Amino acid sequence: MMDLPHLILPRAEYNLPRKKTGFGRPPVRNHSEHGRALDDQVSQVLNQFQSRSRPSGIDPSLILRIQLNPKANVDEVMWERCGLVLLSFDETKTLVLFSSDAELTEFKRRLIEYERGPIRANQKNTPHMQIFANIDEIGDIRPDDRIGRLFRTEGIEELSDFEDTGEYIIDIELWDFGAQTTNRQKVTELRSFIEGQGSRVTDQHIGESLILLRSHCNGALIKKLLKVESIASIDLPPKPALTVGKLLDVSIEDIDDVESPGDEAPSVAVIDSGVAAGHPLLGPAIGEATSIPRSWGDGSDSHGHGTMVAGLALYGDIEKCIHSRSFVPRLTLYSARVLNEQLKFDDENLITTQMREGIEYFRNTYKCRVFNASLGDDRLPYRGGKVSPWASILDTLARELDVIIVVSSGNYAYNPARLDLHLQYYPRYLLDDIAKIIEPATGAIVITVGALAHSANIPPQAGNNVAFRPIAQPMQPSPFTRSGPGLGGAIKPEFCEIGGNHIYDGQIQRVRRVDESSVVSMNREYIQQLFTTDTGTSFAAPRVSHIAARLFETFPDASANLIRALMATSSSVPQPSIDVLEPLGPDAVLRICGYGQPVLELAQASGPQRVVLRAESELTFD
């Protein structure tokens, strides 16, 4: 029995010498030839920068794109000594840098010294070899490079693809120039230009490292904006992907009265389509339900997705509660509706604004520490490189506010030429590039959750129909869950929980969702039926949120990091998932299930044969 407190791990104080990695060992180059080639590339960049036409009223920004050797390391200090500010880099070692000096004076001076070679005959290394020998290529950023991934999924890949008179709602991301004053100046210039062209800017966000504008404009203006150097990308706003299932017939008369949680109960906030606050099993536990933006009203749920997610976040295993006919809320539930009647995010506000306003409100007003956002944009399977602003703002909020934000990995709709191939190729297709996690599941600090099938049941009316086949078996990955890894090979999703199963119906040759293999939760239309069912990673995530919030009962003063770590130590991948995934490669289990399914009791306490040592500390800078 797990009923013993975790042991405190004492800290041993000692100092170890720090190992500086620098740029790594550079490749062998002919400094004269390589230096001349880089010098020619720099001259070409400068010529293009000086001759380029750009919108009036916007100060030009000299932006370089530098491709490093694959084995080189990124060292910001090195670039600063060259007069450059590192704006971004990715796992392909592609760097974007800003120079406030339009002549690149210091960078070119060092490049000339590298090109000349050793100053003295007995000097072993070429000056600045650590920098320039590690550079493969220097170039600039073309307008087409700024077209975002969502536009590209719509077939818009070049300037000419935008219709001049077409109306667009766009999110403009600017490079982070480091200083807030500079960032604000760039935003002010851009706003003035856009509004001077007769278009609207409806929202802006200037964060630590994320600068965004939401604009309503035509294609002709977008073509001009794509030529502005200070702009990193222009893309369509995110949109959520949601599904809702059928109803179940369960009566309120069969369930014990629901009491409100105590005043000291931990809380969980759901960022979704709202909540049915009048639901008799939810209402007693609701602290507040609101809308973001507030002009949308009282936060009621006109769709049903948010109510289902809220039920699972509050109770965890709702089927278990139904079987026991007892619903005892141990948490206070909060809800922020962020989707409009058409199940879209606000057209006027950036998604970063909605997320920040909702999360900051419940954190500051009610000291809420756990947030569930079972929302994702299925147009954006992760292909490496930079994560979306949506993921970035959630990471920023999680770090700034010391909160846990749980998101779903997203649902993958496998669509082969013959639908019976679901059975043949499951679960191999879950590792396809198109089945990668979607935004904002790429966030580094947010917890991402994939789905497991808890049942392979088929409806009674299927009888002995041999063509009615569940795709997954119990405790195997759900046939719609998505796979990692995340940024830089990070383990994503970190956890997996129950999200349901799908059935292949051979008689009609369709993949179906049936109640018998779906997740049960609260129904928005509770007067007609208390419960409903659906499948999706959306319903796996709130079960993890429930565990995280419950851990604050045991560890009320814990940091979000400690809660995440305790959940990880309590997790294991179900054996049926291991059995079906291990043959697909050494990383298949981690890519689909992460650390596995967390167990509340194991995270809360130790036992006679399983002991957790815990400590809270921090790493000093550098």
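Note that the structure is a prediction, hence the values are computed from the model and not measured. Below, all heavy atoms of this structure are taken into account, side chains as well, without hydrogens, waters or symmetry copies.
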Counting only N and O atoms by type, is there a donor-acceptor contact under 3.5 Å from the side chain of Glu163 to the main-chain atoms of Gly219?
no
Asp534 and Ser518: side chain donor to acceptor below 3.5 Å
no
Passes ring-ring contact (aromatic ring centres under 6.0 Å, His included), Tyr425 versus Tyr414? Steps please.
CA-CA 10 Å; Tyr425 288 116; Tyr414 180 51; 7.1 Å; no
Hey, could you give me the CG/CD1 distance between Asp317 and Ile498, rounded to the nearest 0.5 Å?
8.5 Å
With a 4.5 Å cut-off on side-chain heavy atoms, are Ile170 and Phe151 touching?
yes
To the closest 0.5 Å, what do you measure between OH (Tyr426) and CD1 (Ile471)?
9.0 Å
side-chain contact (heavy atoms from CB on, under 4.5 Å) between Arg513 and Ile503: does it pass, once the steps are laid out?
CA-CA 6 Å; Arg513 186 199 67 79; Ile503 306 293; over 6 Å; no
Just how far is it from atom CD1 of Ile255 to atom CD1 of Ile322, taken to the nearest 0.5 Å?
6.5 Å
With the threshold set at 4.0 Å, does a side-chain nitrogen-carboxylate oxygen contact exist between Asp377 and Lys239?
no
Please say which of Asp171, Asp235, Asp346, Asp347 ends up in a salt bridge (Lys or Arg N to Asp or Glu O under 4.0 Å) with Arg214.
Asp171
Under a 3.5 Å cutoff, is there a donor and acceptor pairing between the side chains of His305 and Ser538?
yes
Heavy-atom side-chain proximity of Asn340 to Phe345 below 4.5 angstrom:
no
Is the backbone N or O of Arg142 less than 3.5 Å from a side-chain atom of Asp145, with the two atoms forming a donor-acceptor pair by type?
yes
Would you check if the side chain of Asp587 reaches a backbone N or O of Leu590 as a donor-acceptor pair within less than 3.5 Å?
no
Does Ser570 reach the main-chain N or O of Val599 with its side chain, forming a donor-acceptor pair under 3.5 Å?
yes
Do the side chain of Gln528 and the main chain of Glu525 share a donor and acceptor less than 3.5 angstrom apart?
no
Are the side chains of Thr569 and Leu602 in touch, meaning some heavy atoms are under 4.5 Å apart?
no
Side-chain contact test, heavy atoms from C-beta onward, threshold under 4.5 Å: evaluate it for Ser521 versus Thr532 and give yes or no.
no
Within the 4.5 Å heavy-atom criterion, are Asp203 and Glu348 side-chain neighbours or not?
no
Should Glu157 and Arg149 count as an ion pair when the cut-off is N to O under 4.0 Å?
no
Given the rule in the ring-ring contact (aromatic ring centres under 6.0 Å, His included) test, do Tyr315 and His546 qualify, once you have shown the distances and angles that lead to the verdict?
CA-CA 7 Å; Tyr315 292 108; His546 174 81; 7.9 Å; no
How about Gln476 and Ser577: does a side-chain donor come under 3.5 Å of a side-chain acceptor?
no
Under 4.0 Å between a side-chain nitrogen and a carboxylate oxygen: does that hold for Arg337 and Glu341?
yes
Donor on one side chain, acceptor on other, Asn457 and Ser517, under 3.5 Å
no
Looking only at non-hydrogen atoms, find the nearest pair between Asp378 and Arg482 and report the distance.
O-NH2, 4.2 Å
Does the pair Tyr334 and Phe362 meet the rule for a ring-ring contact (aromatic ring centres under 6.0 Å, His included), with working shown?
CA-CA 8 Å; Tyr334 297 99; Phe362 287 120; 5.3 Å; yes
Rounded to the nearest 0.5 Å, the CG atom of Leu312 sits from the CD1 atom of Ile318 at a distance of 4.5 Å
Under the criterion side-chain contact (heavy atoms from CB on, under 4.5 Å), I'd like the reasoning laid out for Met567 against Ile447: C-alpha separation, chi angles, the key distance, then a yes or no.
CA-CA 11 Å; Met567 286 198 292; Ile447 291 175; 3.4 Å; yes
Quick check: does any side chain N or O of Gln597 sit under 3.5 Å from a backbone N or O of Cys496, one acting as donor and the other as acceptor?
no
Is it true that the side chains of Gln575 and Asp579 contain a donor and an acceptor less than 3.5 Å apart?
yes
Residues Glu154, Arg152: salt bridge by 4.0 Å N-O rule:
no
Evaluate the ring planes of His502 and Phe480, with Trp represented by its six-membered ring, and classify them as parallel (under 30°), tilted (30 to 60°) or perpendicular (over 60°).
tilted
When you measure from the side chain of Thr307 to the backbone of Ala276, do you find a donor-acceptor pair of N or O atoms at a distance under 3.5 Å?
yes
Decide yes or no on ring-ring contact (aromatic ring centres under 6.0 Å, His included) for Tyr429 and His422, but give the supporting numbers first.
CA-CA 8 Å; Tyr429 61 77; His422 274 85; 5.8 Å; yes
Rounded to the nearest 0.5 Å, what separation is found between the CG atom of Leu566 and the CG atom of Leu600?
10.5 Å
What distance do Ile437 atom CD1 and Ile592 atom CD1 have between them, rounded to the nearest 0.5 Å?
12.5 Å
Can Arg512 and Asp505 be counted as an ion pair, charged N to O under 4.0 angstrom?
yes
Without swapping roles, check the side chain of Thr352 against the backbone of His205 for a donor-acceptor pair under 3.5 Å.
no
Would a 4.5 Å heavy-atom cut-off, applied to side chains only, mark Asn501 and Thr535 as touching?
no
Check whether any side-chain heavy atom of Ser335 lies under 4.5 Å from a side-chain heavy atom of Ile286, and answer yes or no.
no
Pair Asn372, Val309 - check side-chain contact (heavy atoms from CB on, under 4.5 Å), show working.
CA-CA 8 Å; Asn372 190 97; Val309 170; 3.4 Å; yes
Would you check if there is a donor-acceptor pair between the side chains of Arg146 and Ser233 at a distance under 3.5 Å?
no
Residues Cys593 and Leu452: closest non-hydrogen pair is SG-CD2, 4.4 Å
Name of the residue among Ile359, Val406, Ile445 meeting side chain to side chain contact (heavy atoms under 4.5 Å, CB included) with Leu394
Ile359
If we ignore hydrogens and angles and just use 3.5 Å, is the side chain of Ser273 paired with the main-chain N or O of Gly306 as donor and acceptor?
yes
Would the distance check show the side chain of Ser478 and the main-chain N or O of Gly500 forming a donor-acceptor pair, the cut-off being under 3.5 Å?
yes
Does any non-hydrogen side-chain atom of Ile563 lie less than 4.5 Å from one of Phe552?
yes
